[in-house]
Protein chains: 2
Amino acid sequence: MLRATQDIAVAHGLEGFSVDEVARRSGVAKSTIYRHFGTGDELLLAAMGELVDAVPDADTGSLLGDLTLIMTQFVAIATQPSIRRLFTSVLNRSLDNDDFAALQEELVTERKAPMRRALQRGMARGEIDPEIDLELASTIVQGPFVARVLHERGSFRQGEVERIVELMVKAMAP
Amino acid sequence: MLRATQDIAVAHGLEGFSVDEVARRSGVAKSTIYRHFGTGDELLLAAMGELVDAVPDADTGSLLGDLTLIMTQFVAIATQPSIRRLFTSVLNRSLDNDDFAALQEELVTERKAPMRRALQRGMARGEIDPEIDLELASTIVQGPFVARVLHERGSFRQGEVERIVELMVKAMAP
DNA sequence: CGATACCGATACGGTTCCGTAGCAGTATGG
DNA sequence: CCATACTGCTACGGAACCGTATCGGTATCG
């Protein structure tokens, strides 16, 4: 059931999900679904919770290297239509539903964790102005990528990721 | 009808919209709605199209001033829950529907126009590295704000807008 | 006055959901 | 072997949509 739910959500977003559809795809009877998950939303949340995976740390030794690596990975993932589909619909539903809001926050937090550590290391090395709040800094670094991918539904040309990261590093320099 | 549609969309997002609901609110018979707009989506698109208004230009004489003004306005608008609600649901639907994708692109383009002009003036004054692509630059400047508001569903503290703009100006400097 | 055009009210058929209920089959375990 | 627990199948009632159709009323214009 969880698997079928994930498949649907990835392919068609949360809107494509319905208990009937899960029953159809998984071959599991609807009654069984309701026995395990009291309601459709609970199944959906459980399935989505499984998709939140920890992002491995990236430590190349330089701030520029770390951020480039992190954002390259981010772009590789976030430009996939299915991922964009999923994230956008979670974001959309999070405005009405606190449970989905929590899920969305978890996704964002998990995604930002390695960035935060990279920034900490960079600050320790003196590559970042010590006045800068690291929470703000991570928002700033991710900002252009989030805006391009989510907001403008665009992609990136060759070398563009690196160029943007360079500019952000320059912005945060002491 | 358009008015009722806009009210619904602003309050509950595109998901809250239905032809029946518009009929209820507006006092207009459903048959009349279908006579004027062949389908529900056409009504919705027409109503949303009316909400796309030109953003006035901002010319304070300095790049920092212009961008601060523009982004302050952006934040004032985009942090309103109803606007966020609306934009997020348009964004969500734009992944399935080309008409809504066009609408969403129009919204983004319109919103970015004054920023682009401000950047052009800034570059003419030598405040921006001439190597930088202005399209990319506007994405970069807006990025942190878009990320904070849409992606992280957050707001801004006192003086934070100015601080972010300063950093972005620094990033783009020659 | 009368044709034409527009509108409101209402109902309908069809689809897709939701969550529940009843009933029969199978597996497990004391 | 038999009770207990799970499961599948099927059907149901209820709700919300969609888009269409019918029909009586009004208003505008020649």
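Proteins get letters first, then strands, A, B, ... in listed order; numbering begins at 1 in each.
Using a 4.0 Å cut-off between a side-chain N of Lys or Arg and a carboxylate O of Asp or Glu, B:E135 and B:K112 qualify as a salt bridge. Ion pairing between a basic and an acidic side chain is recognised when a charged N comes within 4.0 Å of a carboxylate O; B:E160 and B:R148 show such pairing.
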Distance-only donor-acceptor hits, side chain of residues 163-174 of chain A, under 3.5 Å, sequence neighbours excluded:
unit_1 : atom_1 : unit_2 : atom_2 : d
A:K170 : NZ     : B:A171 : O      : 3.2
A:K170 : NZ     : B:A173 : O      : 2.4

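Not one N or O on the side chain of B:T88 forms a donor-acceptor pair closer than 3.5 Å with the backbone of B:R85.
Summarising the geometry, the separation between CD1 on A:I33 and P on D:dT7 is reported as 11 Å, rounded to the nearest angstrom. Rounded to an integer number of Å, the gap from B:E15 CD to D:dA16 P is 17 Å.
Each of A:V146, A:T109, A:T139 was scored for a side-chain contact (heavy atoms from CB on, under 4.5 Å) with B:E152, with one residue passing: A:T139.
Taking the six-membered ring where tryptophan is involved, the planes of A:F156 and A:F145 are tilted, since the angle between them lies from 30° to 60°.
For B:F87 and A:H151, the ring centers are positioned less than 6.0 Å apart.
A:L95 and B:L14 fall into different hydrophobic clusters, defined by Ile, Leu, Val, Met, Phe, Trp and Tyr side-chain heavy atoms under 4.5 Å apart, directly or through other members.
Between the base of D:dG19 and the side chain of B:K30 there is a donor-acceptor pair shorter than 3.5 Å.
Residue-to-nucleotide proximity on DNA chain C shows that, of A:S31 and A:R24, the 5′-proximal contact is made by A:R24.
The footprint of chain B on DNA chain C, defined by a heavy-atom cutoff below 4.0 Å, extends from C:dC7 to C:dA9.
Annotation: proximity of residues 34-46 of chain A to DNA chain D (heavy atom, distance under 4.0 Å) is found for A:R35, A:H36, numbered in ascending order.
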